[in-house]
**Q** 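The structure follows.
The sequence lines fix the lettering, A, B, ..., with proteins before strands; numbering per chain opens at 1.
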There are 2 protein chains.
Amino acid sequence: MESARQIVTDAGFEALRTQDVVRRAQVAKGTFFSHFKDKDALMDVLIGERLNVLLDDMEAIPRFDTVDDLVAHSTPLLQFLSRDRFVFDVFLRMSGALAIEDIGDIATAIYRHHRILAGQLKDSPFRTDITTDLQAEGVQSFCINAVALSFCALHTDQDVQSRLMVYLNAWLCP
Amino acid sequence: MESARQIVTDAGFEALRTQDVVRRAQVAKGTFFSHFKDKDALMDVLIGERLNVLLDDMEAIPRFDTVDDLVAHSTPLLQFLSRDRFVFDVFLRMSGALAIEDIGDIATAIYRHHRILAGQLKDSPFRTDITTDLQAEGVQSFCINAVALSFCALHTDQDVQSRLMVYLNAWLCP
DNA sequence: GAAAATAATTGACCGCGGTCAATATTGCTG
DNA sequence: CAGCAATATTGACCGCGGTCAATTATTTTC
């Protein structure tokens with residue numbers, strides 16, 4: 001883990017090679033794969049811990065007074081995901097899991113994000129015709145969509161935040 | 001292309017190997033990669049043509065009278081995407097492109113889907129406080145989200161359609 | 001403390017995507 | 001048709017993720 005973190009710091013997520021990790025950690029390749037199912041599993045942990053740091057900050061917020069407020073407090077997460085296409089791809093790939101036993105850190109972080117959002121939305125002055133759980137699911141869906149479009153050459157007219165703002169105004173204050 | 005289609009028909013998208021494609025097509029590996037940037041580019045065409053068949057059907061619909069109607073007519077697309085995890089991963093990966101010149105068939109199909117939806121929503125009896133363009137973007141976002149959750153072991157309580165129904169009722173008829 | 005059972009580690013090896021210098025084919029021109 | 005340029009094709013080769021039988025280390029048992 002320490003070797004992997006160092007490589008990511010030095011050269012970025014995309015440049016990480018299992019060979020380099022094991023060389024740095026002074027172990028054999030097989031040892032790596034006895035600890036991690038595959039390379040994605042390592043990425044899952046690496047990205048998961050980054051997400052959890054950002055979620056720690058987010059958890060401290062009691063509620064959102066406005067949509068602007070929500071978007072502002074979501075910015076660190078959005079920026080982390082939209083900074084690196086490779087990271088976003090791993091994020092999408094690991095966001096769900098076919099079997100309970102391989103639910104990883106990213107998927108867990110997404111549930112945590114959902115719980116945090118739902119809690120905060122409970123005390124926020126938005127629409128009341130749907131549950132805060134559903135509101136939170138929608139917010140997450142729109143966050144992903146906004147980040148995804150930020151990577152698309154045909155959608156360079158808006159940045160992630162302003163796109164999310166439009167979505168969430170329509171979603172939370174119809 | 002013909003070789004690739006045959007392999008997919010016989011063994012599925014995930015089992016496709018460039019080696020097998022070139023062997024079947026009686027050409028060398030290098031020839032394949034002079035026609036396609038990488039394997040994903042081939043997948044993009046293969047999946048893109050499937051999507052366009054489904055969109056052809058969808059285009060024939062004039063409008064949606066209810067959310068149920070919209071969901072019902074979206075079912076073929078949803079089922080295609082949620083049938084095969086590998087296909088959905090490629091779909092997500094190819095859904096945007098960093099540069100205009102590598103916008104592929106899947107990304108193009110997504111724009112087509114958006115245009116079709118926006119056109120149909122124009123004549124549909126849903127909310128009028130936001131543009132049909134924005135409505136369509138939201139519908140797409142929720143479709144992706146519903147499919148993504150269908151692959152997640154923690155969300156087996158609902159099927160894709162009923163999940164989408166909940167989303168779209170909240171989105172289009174607030 | 002020796003022997004047996006269990007667990008951890010190793011690195012040669014494989015499969016597959018992708019590259020590229022060499023070679024063959026085609027098209028063009030006088 | 002010869003000669004040249006442009007284009008298409010080839011397959012040996014590379015990098016990297018992942019496997020697994022063999023080996024070494026650790027724990028358990030009597």
**Q** Taking for each residue the nucleotide of DNA chain D with the nearest heavy atom, is it A:Phe33 or B:Ser34 whose nucleotide lies nearer the 5' end?
**A** B:Ser34
**Q** Under the 3.5 Å rule, do the base of C:dG18 and the side chain of B:Lys29 count as making a donor-acceptor pair?
**A**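 Checked by distance alone, the answer is yes.
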**Q** Between atom CG in A:Asp44 and atom P in D:dG17, what is the gap in whole Å?
**A** 17 Å
**Q** Find which nucleotide of DNA chain D each of A:Gly30 and A:Gln19 is nearest to by heavy atoms, and output the residue with the more 5' nucleotide.
**A** A:Gln19
**Q** Grab the CG-P distance between B:Asp20 and C:dG15 for me, whole Å please.
**A**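 Distance, rounded to whole Å: 12 Å.
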**Q** Rounded to the nearest angstrom, tell me the gap between atom CD in A:Glu14 and atom C1' in D:dG17.
**A** 15 Å
**Q** A:Val45 and A:Met1: which non-hydrogen atoms are nearest, and at how many Å?
**A** CG1-CE, 3.6 Å
**Q** Going by the ring pair (Phe, Tyr, Trp, His ring centres under 6.0 Å) test, name the single residue among A:Phe80, A:Phe151, A:Phe13 that passes it with A:Phe88.
**A**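 So, applying the ring pair (Phe, Tyr, Trp, His ring centres under 6.0 Å) to A:Phe88 and each of A:Phe80, A:Phe151, A:Phe13, only A:Phe151 qualifies.
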**Q** If only side-chain N and O atoms of A:Thr31 are considered, is one of them under 4.0 Å from the OP1 or OP2 phosphate oxygen of C:dT10?
**A** yes
**Q** For the pair made of CZ in B:Phe32 and P in D:dT10, what is the distance, rounded to whole Å?
**A**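 B:Phe32 atom CZ is separated from D:dT10 atom P by 14 Å.
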**Q** So, is B:His35 close to the D:dA8 phosphate, meaning a side-chain N or O under 4.0 Å from OP1 or OP2?
**A**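 Checking B:His35 against D:dA8: no side-chain N or O falls below 4.0 Å of OP1 or OP2.
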**Q** Which part of the nucleic acid, if any, lies within contact of B:Leu16, taking any heavy atom under 4.0 Å across all strands shown: a base, the sugar-phosphate backbone alone, or nothing?
**A** sugar-phosphate
**Q** Let me know the distance between NZ of B:Lys37 and P of C:dC20, rounded to the nearest Å.
**A** 14 Å
**Q** How long is the line joining CG of A:Asp40 and P of D:dG17, in whole Å?
**A**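 For the pair A:Asp40 CG and D:dG17 P, the rounded distance is 11 Å.
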**Q** The side chain of B:Lys39 lies closest to which of these nucleotides: C:dG18, D:dT10, C:dT10?
**A**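 The answer is C:dG18, which lies nearest to the side chain.
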**Q** Check for a donor-acceptor pair, side chain of A:Lys122 on one end and backbone N or O of A:Thr131 on the other, with a separation under 3.5 Å.
**A**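 The answer is no, because no donor-acceptor pair under 3.5 Å joins these two groups.
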**Q** Is B:Thr18 near enough to C:dG17 that one of its side-chain N or O atoms lies under 4.0 angstrom from OP1 or OP2?
**A**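 Answer is yes, contact under 4.0 Å.
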**Q** With a 4.5 Å limit on heavy-atom distance, are the side chains of A:Met94 and A:Met43 in contact?
**A** no
**Q** What is the distance, rounded to the nearest whole Å, between atom CZ of A:Arg93 and atom P of D:dG17?
**A** 12 Å
**Q** Nearest-Å distance, CZ (A:Phe86) to P (D:dG17)?
**A** 9 Å
**Q** For the pair B:Phe142 and A:Trp171, name the ring-plane relationship: parallel under 30°, tilted 30 to 60°, perpendicular over 60°.
**A**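 B:Phe142 vs A:Trp171 ring planes: tilted.
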